[in-house]
Amino acid sequence: MTTDYAVDVLICGAGAAGLTLAIALARRGVSFRLIEKMNDPFGGSRGKGIQPRTQEIFEDLGILDHIVAIGGIYPPLREYLPDGTFRDAASVEHEDATPGEPCHLALMVPQFLTERVMRERLIAFGHQPEFGCELVAFDQDEHGVTAQLANAAGQETIRARWLVGADGGRSFVRHALDIGFPGKMLRVRAIVADVTLTGIGREAWHRFNEGDMERQLSLCPLAGTDMFQIQGPVPLEGEVDLSADGLEKLVAQRTHRDDIAIKTVSWASAFTMNARLADCYRDKRVFLVGDAAHIHPPTGGQGLNTSVQDAYNLGWKLAAVIAGVDDELLDSFEDERRPVAAEMLGLSTRLLDAQKRGDTRRGREVHQLDIGYPASPISVEKPERLKGPFAGDRAPDAPVLGAAGQPIRLFEVFKGPHWTLIGYQATRDLVPSRPGLHIHTIGPRGDIVDHDGHFDNAYALVPGDWILVRPDGYIGCIVGSPEIETLTTYLGKYVRA
């Protein structure tokens with residue numbers, strides 16, 4: 001079989017997961033093609049919540065400011081009562097920003113706007129998705145994948161080192177590999193529609209008949225647009241009229257108001273909720289990310305965020321292996337991300353049950369800041385620490401100073417495709433420089449100054465400790481001064497430019 005490659009990575013599916021992976025590869029100089037069988041970008045609001053951890057990823061990818069600019073925060077929930085009055089409540093439990101967690105509120109950004117910003121970022125790297133291009137067949141061997149593509153011009157055969165299926169819940173890639181997708185139907189069917197309307201204000205997320213799964217309805221003003229998102233359960237069987245007239249009648253029936261008029265429908269869907277998890281995320285040279293690997297109810301705003309984080313995790317690992325790291329690194333993708341998806345499916349299902357009872361408030365559990373990989377084979381800690389953060393945990397932010405006195409944040413130090421090594425009151429020359437590694441020290445003659453103790457509070461290191469932060473912002477390795485050899489071995493195994 002030929003090993004002449006057209007690209008290193010073929011990405012099937014140009015939604016949020018595929019775009020994240022493409023950006024991650026583009027900024028590392030890895031060759032790829034990003035194909036999408038739809039002729040045009042997705043046009044709906046579906047995944048509209050951007051959780052704090054995803055915001056941190058977007059900061060690293062260089063798009064957070066654009067995302068914030070086009071979106072907004074969630075409005076208060078306005079629950080309408082049977083007597084015609086209403087009461088307002090916060091949609092999320094309030095948490096103040098901290099030095100370690102600067103992103104503390106979910107953002108509302110309709111998915112089509114989020115993906116537009118991501119495509120613009122990809123274009124800045126000189127790449128763009130190929131719409132109207134479909135993967136119709138593929139074979140793999142020990143060296144790569146041979147893929148058959150079809151578009152308006154005909155068919156072509158290309159050879160890639162790796163194939164990534166980011167092609168949604170009905171994934172062609174997953175089906176072609178015959179990977180099981182067990183789970184269950186949740187016996188809830190719902191509509192979601194993006195509409196323009198009159199008769200109700202944009203100051204709140206309007207909710208009617210909370211806890212009644214036959215009459216529940218919500219009208220949420222979509223930040224960054226002049227539209228509202230309509231959501232509500234519908235019968236498991238039968239046709240649903242998603243036209244402007246049909247939706248207007250549904251709204252009138254469930255709100256008992258005749259002053260809300262639906263003017264236009266931009267996008268609408270009726271869907272049955274499922275919770276399913278792929279049996280595996282990797283089959284030799286093929287990977288699954290995003291909805292191709294897991295589907296779940298939309299409660300809690302976890303789907304798009306989990307998909308982005310799948311791709312963010314896989315991107316740096318693919319690049320590292322292409323640069324010469326042992327292929328076993330790629331096994332850690334499933335080791336790390338599949339348990340996260342399993343927990344996310346459980347959380348989303350529990351939140352759906354709570355919503356059936358009329359409880360729609362969300363707390364820290366949906367922010368995804370506490371996700372970590374302590375059991376990962378690439379999380380190393382010597383000696384074992386008594387207090388966190390631990391190897392595999394998310395690396396906290398902290399405001400610090402550069403040695404020249406300029407204020408910076410640790411997230412600025414971490415930002416980019418490199419690994420970051422920080423020695424705490426340690427001798428800089430103990431660890432040799434290597435491509436792909438940025439080395440800093442805090443303490444006497446260090447280039448970072450912990451002027452207000454935020455680093456110390458966040459990391460709880462002792463003099464001589466070294467902490468290694470992965471390209472995706474998680475702690476890969478923490479060693480004490482007697483364990484420098486462990487650190488050196490780890491660097492030699494995993495760190496490549």
Side-chain angles (χ1 to χ4, degrees), residues 14-16 36-50 66-80 86 91 106-120 129 131-132 168 188-209 214-235 238-273 298-299 301 303-304 360:
E36 170 56 59
K37 71 176 182 179
M38 293 195 308
N39 291 323
D40 300 291
F42 174 68
S45 64
R46 188 164 50 203
K48 66 180 184 296
I50 309 296
H66 296 285
I67 292 292
V68 172
I70 64 171
I73 62 173
Y74 275 75
L77 297 176
R78 177 165 294 173
E79 180 183 356
Y80 290 84
F86 62 81
S91 56
L107 295 173
M108 183 196 292
V109 188
Q111 185 171 336
F112 71 91
L113 291 181
T114 297
E115 292 181 1
R116 186 180 74 188
V117 170
M118 299 175 83
R119 287 194 300 273
E120 290 171 351
F131 289 99
V188 175
R189 187 181 182 213
I191 61 163
V192 58
D194 300 342
V195 306
T196 57
L197 57 77
T198 58
I200 204 162
R202 300 184 64 84
E203 72 283 356
W205 184 342
H206 307 275
R207 304 184 72 92
F208 300 85
N209 309 311
E214 293 184 357
R215 300 189 305 123
Q216 193 177 102
L217 187 84
S218 73
L219 302 170
C220 180
L222 284 172
T225 78
D226 61 355
M227 295 186 293
F228 281 75
Q229 183 189 73
I230 301 177
Q231 293 177 303
V234 293
E239 293 295 320
V240 180
D241 186 350
L242 297 176
S243 68
D245 286 343
L247 291 171
E248 185 172 310
K249 290 175 183 176
L250 179 68
V251 169
Q253 289 168 358
R254 297 195 180 184
T255 64
H256 298 293
R257 293 176 55 167
D258 58 8
D259 59 331
I260 301 174
I262 308 298
K263 298 299 184 182
T264 63
V265 180
S266 174
W267 169 80
S269 176
F271 63 99
T272 301
M273 297 185 192
T299 40
L304 179 146
T360 56

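Values below: all heavy atoms of this structure, side chains included; hydrogens, waters and symmetry mates excluded.
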**Report entry** L250 and Q253: CA distance, side-chain angles, deciding distance, side-chain contact (heavy atoms from CB on, under 4.5 Å) verdict
**Finding:** CA-CA 5 Å; L250 179 68; Q253 289 168 358; 4.2 Å; yes

**Report entry** Close side-chain approach of R116 to L113, heavy-atom, < 4.5 Å
**Finding:** yes

Query raised in the report: Between T114 and I67, does a side-chain contact (heavy atoms from CB on, under 4.5 Å) hold up when you go through it step by step?
Result: CA-CA 7 Å; T114 297; I67 292 292; 4.1 Å; yes

Show every donor-acceptor pair shorter than 3.5 Å between a side-chain atom in residues 38-47 and any protein atom, with sequence neighbours excluded, or say none if there are none.
{"unit_1": "S45", "atom_1": "OG", "unit_2": "D194", "atom_2": "OD1", "d": "2.5"}
{"unit_1": "S45", "atom_1": "OG", "unit_2": "D194", "atom_2": "OD2", "d": "3.3"}
{"unit_1": "S45", "atom_1": "OG", "unit_2": "Q229", "atom_2": "NE2", "d": "2.8"}

Query raised in the report: Which atom pair, heavy atoms only, marks the closest approach of L247 to V195?
Result: CD1-CG1, 4.0 Å

Report summary line: All heavy atoms of T225 vs all of F112, minimum pair found to be CG2-CZ, 3.9 Å

Query raised in the report: What pair of heavy atoms forms the shortest contact from I200 to F208, and how long is it?
Result: CD1-CZ, 4.2 Å

**Report entry** All side chain to side chain donor-acceptor pair (under 3.5 Å) counterparts of Y80, not counting sequence neighbours
**Finding:** H206

Report task. Would you check if the side chain of E36 reaches a backbone N or O of F131 as a donor-acceptor pair within less than 3.5 Å? Result -> no

Report task. Apply side-chain contact (heavy atoms from CB on, under 4.5 Å) to C220 and R207, showing your working. Result -> CA-CA 8 Å; C220 180; R207 304 184 72 92; over 6 Å; no

Query raised in the report: With sequence neighbours left out, what residues match S243 under side chain to side chain donor-acceptor pair (under 3.5 Å)?
Result: D241

**Report entry** Donor-acceptor contact below 3.5 Å, side chain R254 vs main chain Q216
**Finding:** yes

Query raised in the report: Does E115 have any side chain to side chain donor-acceptor pair (under 3.5 Å) partners at least two apart in sequence or in another chain, and if so, which?
Result: Q111

**Report entry** Qualifying residues under side chain to side chain donor-acceptor pair (under 3.5 Å), relative to R78, sequence neighbours excluded
**Finding:** D88, E203

Could you tabulate the donor-acceptor pairs under 3.5 Å formed by side-chain atoms of residues 258-271, not counting sequence neighbours?
{"unit_1": "D259", "atom_1": "OD1", "unit_2": "R257", "atom_2": "NE", "d": "3.0"}
{"unit_1": "D259", "atom_1": "OD2", "unit_2": "R257", "atom_2": "NH2", "d": "2.9"}
{"unit_1": "T264", "atom_1": "OG1", "unit_2": "T196", "atom_2": "OG1", "d": "2.5"}

Requested in this report: Considering non-hydrogen atoms only, spot the tightest contact between I191 and L242 and give its length.
Outcome: CG2-CD2, 3.9 Å

Query raised in the report: When you look at V240 and R189, which way does the side-chain contact (heavy atoms from CB on, under 4.5 Å) test go after all the steps?
Result: CA-CA 11 Å; V240 180; R189 187 181 182 213; 3.8 Å; yes

Query raised in the report: Where is the tightest heavy-atom contact between L222 and R202, given as atom of each residue plus distance?
Result: O-NH2, 3.0 Å

